[in-house]
Amino acid sequence: MKELEHIAIILDGNGRWAKKRGLPRKAGHIEGAKTLEKICRAAYKRGIKYLTVYAFSTENWNRPEDEVSAIMKLFGTYLDKCIKDSKKDNMVVRMIGDRERLSDTLKDKVKELEDVSKDNTGLNLTIAINYGGRAEILNSFKEIYKKISDGALAVDEITEDVISENLYTKDIPDPDLILRTSGEMRLSNFLLWQAAYSEFLFVDCAWPDFDENELDKAIEEYNKRDRRFGAIKEDK
Ligand code: IPE
Ligand code: IPE
Ligand code: MG
């Protein structure tokens, strides 16, 4: 059994959670942000070293303007809180995704948080914002092409590791477990390259309702899985 070092979560179901309660979708996102804070603490307590969360996809810009701006505003508030509490939380926070489309204010906050948290020693939290797996792979190809044009790399030297090293996730291991809340069974363009040998778990619970008990159930389920990575186990 491989140790559960990295959980990646597709935070889904905020809108449905709110609708069920007669609230605007925004209320679901606000509640979802609170859940994220709790789950970061809970995951670290359980020995998880990396937590990656899918918070906004490259396709989510297609949502109504008021929802997109509410999510961006909430992201700003969340970043402010993380900057303020960086010492106490002890998390190393990174953002993956294309930051170009973010406002200058958000870009600055992301950079500030990455700077103030980089020497922390606790949970590695990676937030995927304006993230798309295909866009990430495309970007990696462009980076590699630039290195080839500059003479820093030869075509024959392109390996799987070279592709990985040019992804946004270059500093973090591939996820052991990819978990999606709220019942949908798809990746929706999340970590396409990195998911090659991840275990998948889909739970019905909406993200705002996800709690320590749900996390324990997910870890228990992961521990039952038999990860073979294409090999045959002697004892099977
Ligand atoms: C996840 O919740 C958060 C984002 C994608 C930004 P949703 O907003 O997708 O919630 P549902 O799936 O509509 O319930
Ligand atoms: C995936 O959720 C993206 C995030 C959770 C950020 P969506 O709700 O956008 O995905 P679909 O539309 O159900 O595939
Ligand atoms: Mg959704």
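Atoms within a ligand are numbered from 1 in the order they appear, just like the ligands themselves.
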Enquirer: Number the atoms of ligand 2 from 1 as they appear, then name those within less than 4.0 Å of a heavy atom of S188, with their elements.
Expert: 1 (C), 10 (O), 11 (P), 14 (O)
Enquirer: Counting non-hydrogen protein atoms only, what is the nearest one to atom 2 (O) of ligand 1? Give residue, atom name and distance.
Expert: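 Answer for atom 2 (O) of ligand 1: N14 N, 3.2 Å.
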Enquirer: Looking at CD of E199 and NZ of K2, how far apart are the two atoms once the value is rounded to the nearest 0.5 Å?
Expert: 10.5 Å
Enquirer: Using a 4.0 Å cut-off to any heavy atom of I71, which atoms of ligand 1 qualify?
Expert: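 With I71 as reference, the close atoms of ligand 1 come out as 6 (C).
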Enquirer: Would you please test D209 and W17 for side chain to side chain donor-acceptor pair (under 3.5 Å) and show each step?
Expert: CA-CA 8 Å; D209 287 331; W17 180 92; 3.0 Å; yes
Enquirer: Verify whether one side chain among N189 and E59 offers a donor that lies under 3.5 Å from an acceptor in the other.
Expert: yes
Enquirer: Using side chain to side chain donor-acceptor pair (under 3.5 Å) as the criterion, point out the one residue from K217, K38, R41, R46 that pairs with E212.
Expert: R46
Enquirer: Parallel, tilted or perpendicular: which describes the rings of Y168 and Y131, with under 30° parallel and over 60° perpendicular?
Expert: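 Rings of Y168 and Y131: perpendicular, over 60°.
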Enquirer: Can you list the atoms of ligand 2 that are under 4.0 Å from a heavy atom of D12?
Expert: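 Ligand 2 atoms under the 4.0 Å threshold to D12: 2 (O), 8 (O).
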Enquirer: So, does R180 sit close enough to ligand 2 that a heavy atom of it is under 4.0 Å from the ligand?
Expert: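 R180 counts as a contact of ligand 2 under the 4.0 Å cut-off.
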Enquirer: Let me confirm one number: the CD1-CG distance from I96 to N130, rounded to the nearest 0.5 Å.
Expert: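 Answer for the CD1-CG pair, I96 versus N130, is 11.5 Å.
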Enquirer: Going by heavy-atom distance to atom 4 (C) of ligand 2, choose the closest among Y54, W207, Y131.
Expert: Y54
Enquirer: Is there any N or O on G15 that sits under 3.5 Å from an N or O of ligand 1?
Expert: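 The answer is yes, given that G15 and ligand 1 share an N or O pair closer than 3.5 Å.
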Enquirer: Please state which part of F190 comes within less than 4.0 Å of ligand 2, counting heavy atoms only: side chain, backbone, both or neither.
Expert: neither
Enquirer: Decide whether an N or O pair under 3.5 Å exists between R186 and ligand 2.
Expert: yes
Enquirer: Starting from atom 13 (O) of ligand 1, which protein heavy atom do you reach first, and at what distance in Å?
Expert: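 For this ligand atom, the closest protein heavy atom is R25 NH2, 2.9 Å.
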Enquirer: First locate atom CD1 of I172, then atom OH of Y50, and finally report the distance between them rounded to the nearest 0.5 Å.
Expert: 8.0 Å
Enquirer: Heavy-atom contact under 4.0 Å between G13 and ligand 1?
Expert: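 Judged by the 4.0 Å heavy-atom criterion, G13 does count as contacting ligand 1.
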Enquirer: Short list, please: which atoms of ligand 1 are under 4.0 Å from a heavy atom of R16?
Expert: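 Counting from 1, the qualifying ligand atoms are 11 (P), 12 (O), 14 (O).
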Enquirer: What atoms of ligand 2 come within less than 4.0 Å of a heavy atom belonging to I10?
Expert: 5 (C)
Enquirer: For atom 5 (C) of ligand 2, what's the nearest protein heavy atom and its distance?
Expert: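 Here the nearest protein heavy atom works out to L11 O, 3.3 Å.
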Enquirer: I would like to know whether M95 and K111 meet side-chain contact (heavy atoms from CB on, under 4.5 Å); could you show each step before the answer?
Expert: CA-CA 9 Å; M95 187 203 135; K111 185 159 188 320; over 6 Å; no
Enquirer: If only side-chain N and O atoms count, and only distance matters, is there a donor-acceptor pair under 3.5 Å linking D176 with S198?
Expert: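 No, because no side-chain N or O of S198 sits under 3.5 Å from a partner of the opposite role on D176.
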Enquirer: Quick check: E184 and ligand 2, any N/O pair under 3.5 Å apart?
Expert: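 No - when backbone and side-chain N and O of E184 are compared with those of ligand 2, no distance drops under 3.5 Å.
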Enquirer: Please list, in number order, the atoms of ligand 2 under 4.0 Å from a heavy atom of R63.
Expert: 7 (P), 8 (O), 9 (O)
Enquirer: Check each atom of ligand 2 against the heavy atoms of N60 and keep those under 4.0 Å away; list them by number with element.
Expert: 3 (C), 6 (C), 9 (O)
Enquirer: Examine the side chains of H29 and N14 and answer whether a donor and an acceptor come within less than 3.5 Å of each other.
Expert: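 Indeed, the side chains of H29 and N14 share at least one donor-acceptor pair under 3.5 Å.
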Enquirer: Is it true that K19 lies under 4.0 Å from ligand 1, counting heavy atoms only?
Expert: no
Enquirer: Can you tell me if, anywhere in D12, an N/O/S atom lies at a distance from the Mg ion (ligand 3) that is smaller than 2.8 Å?
Expert: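 Yes, within the cut-off.
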Enquirer: Under 4.0 Å from a heavy atom of A55: give me the atoms of ligand 2 that qualify, with their elements.
Expert: 6 (C)
Enquirer: Is the closest side-chain donor-acceptor distance between T121 and N90 under 3.5 Å?
Expert: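 Short answer, yes.
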Enquirer: Are the charged groups of K109 and E114 less than 4.0 angstrom apart, N to O?
Expert: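 Looking at K109 and E114, the cut-off is not met.
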